[in-house]
Amino acid sequence: MSMALSARAWTVTVSSPAGCPALVCSGCVLPIPAVGAVAVSQIRRHLAGHLIASRLPPHLRTCQCREKSCAWHWRQGPCSGPLRLLLIRADCGRTWHLADACAACAGAIPHAATVPEPPENTVVPRGHVPAGEAPVDLNPEPGEWVEAL
């Protein structure tokens with residue numbers, strides 16, 4: 001019996017289909033309408049929702065850049081070192097990735113920052129949520145943790 005590992009990697013791209021800004025997310029079925037002008041905070045909040053909803057024990061995590069054939073950076077050597085959670089900005093801020101990467105790859109990915117793991121008590125509430133939007137309640141201090149992303 002094989003067990004499929006869940007990847008901790010999401011990509012959000014700012015798009016403008018029919019002139020209306022929207023977020024196209026690798027983890028969502030439909031585009032997410034942007035609230036006003038697309039703000040980086042809206043993208044971070046959306047990515048945080050996916051991260052919180054898909055907790056994965058550290059021993060099951062892998063370097064996601066290797067899974068993408070190191071498309072995020074020039075290959076410099078084998079993956080090595082502890083895993084880090086990275087927020088990567090690409091395409092002049094139109095595309096954002098949140099993913100696990102090993103220390104070697106993390107140091108080689110341009111426009112990337114290591115971000116903290118969400119606190120253990122961070123929960124995804126059930127209830128009314130706009131279609132396609134990942135619900136997030138970042139207790140106890142939502143602003144601080146999302147801003148760290």
Side-chain angles (χ1 to χ4, degrees), residues 1-15 21-35 37-126 129-130 132-149:
M1 173 161 123
S2 68
M3 183 172 104
L5 294 181
S6 180
R8 284 198 345 155
W10 302 272
T11 299
V12 171
T13 302
V14 178
S15 180
L23 303 179
V24 178
C25 176
S26 64
C28 297
V29 177
L30 299 171
I32 300 125
V35 179
V38 177
V40 173
S41 61
Q42 183 180 2
I43 294 167
R44 289 190 313 230
R45 190 164 182 81
H46 183 81
L47 289 168
H50 283 297
L51 179 66
I52 293 165
S54 61
R55 295 214 184 261
L56 193 62
H59 70 279
L60 294 178
R61 298 176 188 159
T62 60
C63 181
Q64 294 302 305
C65 119
R66 180 174 56 186
E67 298 298 320
K68 307 281 186 222
S69 300
C70 293
W72 296 331
H73 66 88
W74 289 100
R75 191 72 182 144
Q76 66 197 31
C79 289
S80 65
L83 286 178
R84 298 183 174 152
L85 182 60
L86 289 186
L87 182 64
I88 305 162
R89 180 180 59 88
D91 300 329
C92 298
R94 289 194 58 225
T95 301
W96 295 79
H97 308 280
L98 181 63
D100 285 323
C102 69
C105 293
I109 298 172
H111 307 290
T114 300
V115 294
E117 290 289 333
E120 286 299 318
N121 61 349
T122 305
V123 297
V124 177
R126 302 288 177 226
V129 177
E133 182 64 45
V136 181
D137 179 12
L138 301 173
N139 290 324
E141 299 166 285
E144 278 186 32
W145 184 74
V146 171
E147 289 306 313
L149 261 181

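All values below come from the heavy atoms of this structure, side chains included, with hydrogens, waters and symmetry mates left out.
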Side chain to side chain contact (heavy atoms under 4.5 Å, CB included) involving P57 - partner list, sequence neighbours excluded: H59, L60
Side chain to side chain, H50 and L98, heavy atoms closer than 4.5 Å: no
Heavy-atom closest pair, residues S15 and V24: CB-CG2, 3.8 Å
Test item: T114 and L86 side chains (from C-beta on) under 4.5 Å apart, heavy atoms: yes
Sub-4.5 Å side-chain heavy-atom contact between L83 and C63: yes
Shortest non-hydrogen contact from P116 toward L85: O-CD2, 3.8 Å
Given T95, I43, V40, the one that forms side chain to side chain contact (heavy atoms under 4.5 Å, CB included) with V14: I43
Any pair counted as salt bridge (charged side-chain N to carboxylate O under 4.0 Å, His left out), so long as it reaches residues 95-113, sequence neighbours left out: R8-D100
Pair listing, salt bridge (charged side-chain N to carboxylate O under 4.0 Å, His left out) test, anchored in residues 77-86, at least two apart: none
Partner residues of S26 under the side chain to side chain contact (heavy atoms under 4.5 Å, CB included) criterion, sequence neighbours left out: W10, T11
Side chain proximity check, C28 to H46, heavy atoms < 4.5 angstrom: yes
Where at least one partner belongs to residues 101-112, residue pairs that pass side-chain hydrogen bond (donor to acceptor under 3.5 Å, both in side chains), sequence neighbours excluded: R89-H111
Partner residues of A113 under the side chain to side chain contact (heavy atoms under 4.5 Å, CB included) criterion, sequence neighbours left out: none
